[in-house]
Every structure is written in C-alpha cells, then in structure tokens.
Student: 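Shown below is the structure under consideration.
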2 protein chains.
Amino acid sequence: MQNKVTIKDIAKTLGVSISTVSRALKDHPDISESTRNLIKNFAQEINYRPNVLALSLRRQKSNTIGLIIPEIVHHFFSSVISGMEDLSYREGYNIIICQSTENQFREATALQTLIDHRVDGILVSLSKSTQNFSQFKKAQEEGFPMVFFDRICESIETDRVVMDDLEGGRLATEYLINKGCQNILHLAASPILLIGRNRRDGYLQALKDHNIPIKEELILKCDTQEEVSTLRNHLYELLPQIDGVFAVNDSTAIAMIQILKKKGYRIPQDIKVVGFGDGPNATIVEPALTTIEQKGYDMGRESVRLLLQRLNNPSASISYQTRVFPPTLKIRESA
Amino acid sequence: MQNKVTIKDIAKTLGVSISTVSRALKDHPDISESTRNLIKNFAQEINYRPNVLALSLRRQKSNTIGLIIPEIVHHFFSSVISGMEDLSYREGYNIIICQSTENQFREATALQTLIDHRVDGILVSLSKSTQNFSQFKKAQEEGFPMVFFDRICESIETDRVVMDDLEGGRLATEYLINKGCQNILHLAASPILLIGRNRRDGYLQALKDHNIPIKEELILKCDTQEEVSTLRNHLYELLPQIDGVFAVNDSTAIAMIQILKKKGYRIPQDIKVVGFGDGPNATIVEPALTTIEQKGYDMGRESVRLLLQRLNNPSASISYQTRVFPPTLKIRESA
DNA sequence: AACGATTTCGCAAACGTTTGCGCTTGAAAA
DNA sequence: TTTTCAAGCGCAAACGTTTGCGAAATCGTT
C-alpha cells in the first residue's frame, strides 16, 4: 500500500484540527465557508482520497459483497458475475470473488474468508458436491445476509434467485413429446443438486402428463462433456431405443449431438435433442440447439438487488423472497 | 456487518489485557503456556476470527489484489480470472474484480476504486477504447504495483504478461499460405489495441516472407460476431477474390465460417479459415476451427505470480519483466 | 537477605476515519 | 458593562488490531 496522504497531513499543513478537515470535506455546517473552501481546495489539489479501510472499520460497513461461485469459466456463471458486477458497481459496492471449483472444502474456506473480510453480504451458488450446509447455517444464524442463486440450499431460509427448473424440464420434454418422441433419454445432473432433481422431475412430469411410461434406464447421470465421453459405450447401446434426448445443460447436449452424428443418426429426423442454458454454443453447433434459455445476467442483477434491499432495510422485517425466473424454450433445429 | 466477537471481548471475559490476547493468539514467546492455552482455547470455543479490516489498516497491507478486466463473459478473460483466483487463493490473497465493459471512463473509475480500497496491487487488461493512460501513469508513479496482461500499455513500464501475438499472426497466416492460399482476408481488431496491431503485423510479415503482395482492401476492421453481421454485404463482395481468412479471434472466425457456408463455399476446399483463441467453440463449429491457442488460465496465474513477486520484494530493485507466451497452432479442419 | 536476571504481562500509541461534546470567540441582547 | 447565544473549531474516544517499552512478579545466585 502506498504512502497516501491522509486527513492528518492536511490538518497539519493547514494548521487546523483533524476533525475540522473531516467535517469540511463532508460539508458539515459547523465549518465556516472560508475554511471549508481552503480545505477542500487543498484536498483536491493534493488529490486526497479517503482510506476506505479506515472508513469501513469505523462505519462497521465495508460496502463490499462476497461472491462464491462454482466455476468462472462457464457461460452461465460468468454472465451471472457480469450482471452482479454491473449493478453493484452502480450502487457503490465492490465484489470479492471466490471460486469453489465445485469443491466443498474450498467453498467453506471461501465463506470464512468473506466473513473475515467483513463483507456486507454474500452471494452464493453451491458447489456440486456440497451436502453439508452447517457453515452457511451458522453464518445465517449470525445474521449474515445471504442470497443463494441458481444452486440454492433448500434447508436454509434466505433470499433466493432461481429459474423454474422443473417447468424448464417439463417444457423441454413436452416439446419433444409433441414432436413425436416416445423414448426420451434424460442426461441428468447429480441428484445432490436441487436443480438437477428439479429438471429431472420436470422431465418425469411431462412423461406422466402424456401417459408415457417411465424407464429408469433412460435417466442417466451425465452432466459434462467429459462424462459423455466416458459413458460413450453405454450411450451407444442406448441409442437404438431412443428418439429424443433432454440434456441438463447445453454442453452435454452438444457433446451428445456430436456422438449422434458420428454414429450416423440424423438430427432431428432420427433423434431430437433439447438442451438447457442457451449459451453461445447453441447457435454454433449443427443443427442449432433447441434449448431452454437461462438469463444469467438478469439473475445476477436480481441477486444483488435482493441483497442490497436487505442491506438497506436492516429492520430484517421483510420476509425472505424467492425470485423465480420463468423458462422459455428457444426453438431451433435440433428438435 | 456483524456483532462479531473481538480480541477485546476475549480480554475482558478472561481478565487479561488486549495485548496479551493478541500475543497469545500468535504464539508470542512472552506469553506463558498456561495463559496461552487458556486464551487459545477460549478463542476457538467462541469462534473468534480476527477482523481483516483492522488488520489491513494496522499492517498497511490489505492482502487484496484488484483486477480490471474488459469483459467477464468471454472465454479467454474468464479463464484468466480463473487462473488468477486459483493462485491468489493459494497465496492468501483475495481478488476484487471490476469490469470495464470496454469503456474507458468506467475503467478509470475502477482504477480509482481499487486504489481507494488500498489493494496491494493491480492487474489490468485495457479496454478497447482506452487511449489515455494518464491515470495508470499516475498510479505507476505513486508506486502502485501493476501488472498488465494481454491488452498491455506500451508507454508504461510495468510487469507484463502477453502472448507473442505477432508470431501468432505470422504462424496462422503462414499456415494458410503453405496450404496454398494467396489471397488472405484479415479480419482485424482495432489498431488502438496493441494486440490488434501485432496480429496484423504478423499477418503482414508472413505475406512479405512469402512474397505475396499486400492488398489493403483485404484488411478489415472486424473483431466481433456482430460486426461480421453488419459488414455482411461488404464481405460478400470480397469473397470471390479470397481463398483464406485469418480472423483476430475465434468468434469472428466462426461467424465468418457461418457466412461462408451460407453462401455455399466449402471449407477448407474453397476458402480456409484460421482463428485466434482456441475457445470451446472451436471444436463445436463445423468444420472444426484451426486456431491459435491462447492459454488464459496460465496467463492469469503468471500475472499474479509476477505481482506477488514484486509485492514480496519491495526492494523494487527487480527490473520489470515481460512474460511472453509462445503461440501454438491447433490444426483442425477449417484450414 | 539482597540482588540481578528472567519471565510474564499491561500501557499506550499507531493505522485513518467519524462524531459527541465542550471550549473559545465575537456579537447581539439585556 | 454584563449576560446570552450561536458560530466555529478542537479533544478525545471509538472501530479492532499490533507492538515497543516498561513494570511487576518470580526465580536463582551469591
């Protein structure tokens, strides 16, 4: 840190007290216009800037919010970050970012770090592997404002920002059914994740609604490009009996499309594919991916909006809100 | 911020002085084993955690580093962030992230904010539009440790982390030439950006090396997907006279491929295309994109490594380093 | 028994702010 | 001339730490 000029220095060179400088700089009425101008001009001249650290300590408020996110290199999550940064920038808050890399231990460390830094609130999307929420619970009990987004924790009452994942899964699956699919493979996320369960439940719901029998073997835990690759042989065996695929995210949907094409299946004629996310890849793959749109940027903004709303009404009387974004199906060529 | 327990509270309930608590907690030899244990146990019990803000103020060191980045929703940049976060996490630093959104004004604000927050150092990649570096110069003169990465500033002496963009451009272009191309279109970034100029110069270099005449009309400022779209008609006119394209980044290369395919050109038979970046899209587009690999994660790590090295050797005697990553050509199907 | 040397701890200043309170002024009111 | 009062300013505590220095207590040594 630098040899920055402080309020003390100004006081000394101008021959006034520290408190006078402080008050003058914030237009306190106790200070005469002449000394106020003197001080303000001088401060400007030497480019005085208050020490935010000292301010935070004094005010017991850091104007900083902490973010715990599973992955940064991820279109949805990076969009979320972008939305968060945009709004908090406007509102005078800064973001400290921590990446859990889908690792529960690192997630816990991150939480502790952020608390240690006395952030005013925390935004978090859980890692895939997190099953123990005790640290979050403790933070919650200590009155730490938290907003969960996307990958939320059901057992903790907080503000939340989510998609209607169940409806998304239902929508995607129903679309496939309406297009004539009867044997739909679901590439699912881990059931540890609520969003994974919800999207799967949406899939099941759609089948039920249309009186299509559920086949357990058509639900496969497979939520990354790599996993598609390792499960390749098993997938090959499944292909002859399916006419549709609903993948829990775009990248596995796309990996699936690539496998299908390699095996000579025509999309969408032989097998139809729907993804989830609507990232930039969706329009690059051929055929272009029909998928559920997920508004990361907006969800990011909404998360900090909720957080700030709570920070600004410390009365704590507002009951917890859950903001749910409706899914929309982007119809393209893959289904 | 919360009603967290402080060192003072511990002192009071245990009937010792504040300084004793402080020393006990950090195993200062002056404190007897018995009181040390007493204090440490109690601290653990009530889950005491030091106030980082107070520490930073006292130590004049925040263990925080600031990041100014043009865009977060961008594969290369998010990879950079990820690498930065990983290493700084390990080294006990936190990252405050600011997005300039390619806006010079916002970039300046971000810089000021970070300085106000007394970050220990700053990592920055310039916005596309930045032509005035005075604020950075001032920060530099005040002794603020800075590392520029990717989009660096030539006129300021700092540590730098870059790719050999010229060599990358040369490599890409030469590859096209060796494949038989004679009329290569270059979709270029703004010449304001050094990386834009360098990649273009690499293109020119390769042409010269192979005695191919340079045609100014084959160098087009066009570095986004959107710009490809707006320049569509102009591009159509150009197509009959070209047999190769070197695009300054993957997304414009891909947009170009899509246009070419729509117009009935076969890739790579009729026109070959090379991109720059090697993001995930490169393997999704068809034909898969031949492109220059850009190691964002590694460049991010290297940037904080350089920064920390400087922070840990405040002697300031080390001369500024420029770490340059060699480009490699990922050969796929588009060329 | 007296002394010096340790051991063990507390005081207080400092980091850079804000802010309640009290102290000077000078002028207006009595 | 004295009293009153507001205007204008400074003192000092506080936010939560660390740390140099001094002081008290304990101990061993003659």
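In what follows, every chain begins at residue 1, and chains take the letters A, B, ... in the order their sequences are listed.
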Student: It should be established whether A/Thr35 places a side-chain nitrogen or oxygen under 4.0 Å from OP1 or OP2 of nucleotide D/dG8.
Tutor: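 Result: no.
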Student: Can you confirm if the NZ or CZ of B/Arg106 lies within 45° of the ring axis of A/Tyr89 and under 6.0 Å from the centre of its six-membered ring?
Tutor: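 Geometry flag: set, cation within 6.0 Å and 45°.
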Student: Tell me whether A/Asp86 is salt-bridged to A/Arg301, with the criterion being a basic N under 4.0 Å from an acidic carboxylate O.
Tutor: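 A salt bridge is absent here (no side-chain N lies under 4.0 Å from a carboxylate O).
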Student: Mind calculating the distance between NZ (B/Lys61) and P (D/dG16) to the nearest angstrom?
Tutor: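 The distance from NZ of B/Lys61 to P of D/dG16 comes to 23 Å, rounded to the nearest Å.
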Student: Looking for any heavy atom pair under 4.0 Å, which part of the strands does A/Arg49 touch: base, sugar-phosphate only, or nothing?
Tutor: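 Contact class for A/Arg49: sugar-phosphate only.
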Student: Expressed as a whole number of angstroms, how long is the span from B/Tyr48:OH to D/dG16:P?
Tutor: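 After rounding, the gap between these two atoms is 10 Å.
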Student: Pairs under 3.5 angstrom only: tabulate donor-acceptor contacts from the side chains of residues 19-29 of chain B to other protein residues two or more places apart or in another chain.
Tutor:
| from | atom 1 | to | atom 2 | distance (Å) |
| --- | --- | --- | --- | --- |
| B/Ser19 | OG | B/Ser17 | OG | 3.1 |
| B/Thr20 | OG1 | B/Ser17 | OG | 3.0 |
| B/Asp27 | OD1 | B/Lys40 | NZ | 2.8 |
| B/Asp27 | OD2 | B/Lys40 | NZ | 3.2 |
| B/His28 | ND1 | B/Asp30 | N | 3.0 |

Student: Output the rounded distance in Å from CD1 (B/Ile31) to P (C/dT6).
Tutor: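 The answer, rounded to whole Å, is 19 Å.
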Student: Hey, which sits more toward the 5' end of DNA chain C by its nearest nucleotide, B/Asp30 or A/Ile7?
Tutor: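 The residue whose closest nucleotide sits nearer the 5' end is B/Asp30.
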Student: Does D/dG10 have OP1 or OP2 under 4.0 Å away from a side-chain N or O of A/Ser17?
Tutor: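 A/Ser17 to D/dG10 OP1/OP2: side-chain N or O found under 4.0 Å.
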Student: Look at A/Lys8 and C/dA14 and indicate whether a side-chain polar atom (N or O) is within less than 4.0 Å of OP1 or OP2.
Tutor: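 For C/dA14, OP1/OP2 do not have a side-chain N/O of A/Lys8 under 4.0 Å.
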Student: I need the NE2-C1' distance between B/His117 and C/dT17, as an integer number of Å.
Tutor: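 Value for this atom pair: 15 Å.
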Student: Is the shortest side-chain heavy-atom distance between B/Asp120 and B/Leu307 below 4.5 Å?
Tutor: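 The answer is no; the side chains never approach within 4.5 Å.
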Student: Roughly, in whole Å, what's the span from NE2 in A/His28 to P in C/dC21?
Tutor: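 Going from NE2 in A/His28 over to P in C/dC21 covers 13 Å.
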Student: Rounded off to whole Å, could you give me the CD1-to-P distance for the A/Ile39 and D/dG8 pair?
Tutor: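 In whole Å, D/dG8 P and A/Ile39 CD1 are 13 Å from each other.
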Student: Looking at C/dC9, D/dT17, D/dG8, which one has an atom nearest to any side-chain atom of B/Thr6?
Tutor: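 Among the listed nucleotides, the one closest to the side chain of B/Thr6 is D/dT17.
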Student: Among C/dT8, D/dC9, C/dC15, which nucleotide sits nearest the side chain of B/Leu57?
Tutor: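 Of all the options, the side chain of B/Leu57 is nearest to C/dC15.
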Student: Check this for me, if you would: do B/Glu302 and B/Arg305 make a salt bridge, where the nitrogen-to-carboxylate-oxygen distance has to be below 4.0 angstrom?
Tutor: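 Looking at B/Arg305 together with B/Glu302, the answer is yes, because their closest N to O distance falls below 4.0 Å.
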Student: If I take atom CG in residue A/Asp116 and atom P in nucleotide D/dT17, what distance separates them, rounded to the nearest angstrom?
Tutor: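 It works out to 10 Å between those atoms.
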Student: Tell me whether the NZ or CZ atom of A/Arg151 lies within the 45° cone about the ring axis of A/Phe148 and under 6.0 Å from its centre.
Tutor: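 Relative to the ring axis of A/Phe148, which defines the angle, A/Arg151 lies outside at least one limit.
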Student: Taking only N and O in the side chain of A/Gln60, is any of them less than 4.0 Å away from OP1 or OP2 of D/dG16?
Tutor: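 Indeed, a polar side-chain atom of A/Gln60 lies that close.
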Student: D/dC15 P sits how many Å from B/Leu55 CG, rounded?
Tutor: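 Nearest whole value for this atom pair: 16 Å.
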Student: Between B/Arg323 and B/Arg160, does the side-chain contact (heavy atoms from CB on, under 4.5 Å) criterion hold? Intermediate values first, please.
Tutor: CA-CA 6 Å; B/Arg323 181 91 173 76; B/Arg160 295 170 179 156; over 6 Å; no
Student: Scan residues 18-27 of chain A against DNA chain D and write down, sorted by residue number, each residue with any heavy atom closer than 4.0 Å; if none is found, say none.
Tutor: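 Within residues 18-27 of chain A, the residues near DNA chain D are A/Ser19, A/Thr20, A/Arg23.
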